[in-house]
Amino acid sequence: MYETSDFKKGLRIEIDGQPYKIVDFQFVKPGKGNAFTRCKIKNLITGNTIDRTLKSGEKVEKAAVEDRTLQFLYEENGKFHFMDNQSYEQYELEKDQIADGWKWLVENMEVGICFYNGAPIDITFPNFTILEITYCEPGIKGDTATNTTKPATLSTGAEVQVPLFVNQGDKIKIDTRTGDYVERANK
Amino acid sequence: MPTASLPNQRLRASLLSQLRAELQSQGLLEVNTPQLWPSAIPESEIDLFTLPEGHLMASPEAHMKRLLAAGFGPIYQICPAFRRGELGQRHNPQFTILEFYLPGVDDQGLMRFLDQVSQKLFDLPPCQVQPYLSAFAQATGLDYHHFTPAQALQLCQAQGLPTPAGEMDRRAWTDFLFSFLVQPRLGLGAPLFLTRFPADQASLARLDSTDARLSRRFEWFYQGLELGNGFWELADVAEQTRRLAAQPGKVRLDQGFLAALEAGLPEASGVAIGIERLLMALHGGDFKDWFSFPWPQE
């Protein structure tokens, strides 16, 4: 069981007997009143997104899903292929099941794949990943204190915002949950 | 990397020094009370962080009232406050409170004072005033004292607002409707004092002498954000004890606070203002952007 205070983006819960993933949630509370959590949840089977409100402290079941670690092999015609390194069994996910995940997927990467009744239905990434910048405007030295950013293109084709001092060719650490730049990771 | 940028830290520092200078020039004394204490004032909707030795204070109220009772006169404090389980786009389990008390002043006088400060320091337009019941009726079309849960449910369905599945008493409905339908409309353009809260939400405010269904509690809103909560303070020990007894009993009651009330709290009004909310209302950005290290939300 989860309580509303356990909620975070990506948490998988069971609502009306179906597995859902929390896409977004909003905590509201008048200063001296009852708190509520309103969440946007995505049905992991149908892909439909619905809006629900729970009283804070309310409990919900964990979704009856199984998590396994698979290796990403390749993408072909909008289908993403993964392999279980223990059984060598291969599975595929559709493009819309991957959603924004293509931004972080590189060959041989290990990711979490969620199974429901034996079929893969969802993907989760390590919280942080390191990717190379293939294009951005040249860096400005010493500018580490302001919030100004510039766009940078990654080896996967994704575009992220980075601080001005970062250079093309740098490897950077990214928070896959938010898509935010964390730090340079040149080694 | 810290979350609050250097420019935001500078805005925060400047706001705090302006507030200190202004309050000091108005004759208020800066005080310092404990953040960790063996006992507290229980409030049903505030979950305290509890250590074996005591509680982290959800506000400096109890101790500041003891200072008032001891004759300290007008006082203010800027300090951390701790509230368990409050985490979201407008909440962080640790935040900063500006709390101040004006002896000899009622809630009207306190609102006038706050309005002047906010116009002078933040260059805001004059504060509007609206009674709670009027704002509630305006936003929901419901009569606060007589609506039924069925009416509330119907309203939410008409508005496409998803409602909780569990049992909801009238108070829960009130908070639900207030959070989703009333509050987002408050203080847009100019700050707003929402006044004369219903008696069942009086908290530590005195009841209205002209209408016992109302209290002398107010809240301060700007840009749909709740910035502060104020009371014309309840000084009646018997009434205070009765209200505290109605609270659920996980918290060791601060007897020193009750003793101070018994010794006599001067007529006074007080207000608590969330500094990070104020910064967000004044300068925009996300709530978390006003914390150097906001509580992690994974």
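Here is how names work: the chains are called A, B, and so on, in the same order as the sequence lines, proteins then strands, and each is numbered from 1.
Contact record, Arg83(B) with Gly31(A): NH1-O, 4.3 Å, taken as the closest heavy-atom pair. Heavy atoms only, all atoms of each residue included: Phe27(A) and Gly88(B) are closest at CB-CA, 4.0 Å. Heavy-atom minimum distance, Gly33(A) versus Arg171(B): CA-NH2, 3.7 Å. Across all their heavy atoms, Ala172(B) and Phe36(A) have their closest contact at O-CZ, 3.4 Å. Of all the heavy atoms in Pro162(B) and Arg38(A), the pair that sits closest is CD-NH2, 3.6 Å.
Between the Ser179(B) side chain and the Val28(A) main chain, no donor and acceptor come within less than 3.5 Å of each other. Between the Lys32(A) side chain and the Ala202(B) main chain, no donor and acceptor come within less than 3.5 Å of each other. The backbone N or O of Phe25(A) lies less than 3.5 Å from a partner atom in the side chain of Gln89(B), making a donor-acceptor pair.
In this structure, NZ in Lys29(A) is found 4.5 Å from CD in Glu86(B), a value given to the nearest 0.5 Å. Going from atom CG of Leu87(B) over to atom OG1 of Thr4(A) covers 11.0 Å, rounded to the nearest 0.5 Å. With rounding to the nearest 0.5 angstrom, the CG atom of Asn34(A) is 9.0 Å from the OG1 atom of Thr174(B). From Thr163(B), atom OG1 reaches atom NZ of Lys55(A) across 11.5 Å, with rounding to the nearest 0.5 Å.
Lys150(A) NZ: more than 12 foreign heavy atoms inside a 6.0 Å radius. By the 6.0 Å contact criterion, CD on Gln154(B) is open, its count of non-hydrogen atoms from other residues, nucleotides or ligands being 12 or less. Few gaps surround CH2 on Trp102(A); more than 12 heavy atoms of other groups in view lie less than 6.0 Å from it. Shown here is Glu66(A), whose CD atom has more than 12 heavy atoms of other residues, nucleotides or ligands within 6.0 Å.
Contact annotation for Glu226(B): only side-chain heavy atoms (C-beta onward) come within less than 4.5 Å of a heavy atom of chain A. Neither the backbone nor the side chain of Arg84(B) comes within contact range of chain A; no heavy atom of the residue lies under 4.5 Å from a heavy atom of that chain. Heavy atoms closer than 4.5 Å to chain A are found in the side chain of Ser203(B), but not in its backbone.
Looking only at heavy-atom pairs under 4.5 Å with chain A, the residue among Arg90(B), Glu43(B), Glu219(B), Gln183(B) that has the most is Glu43(B).
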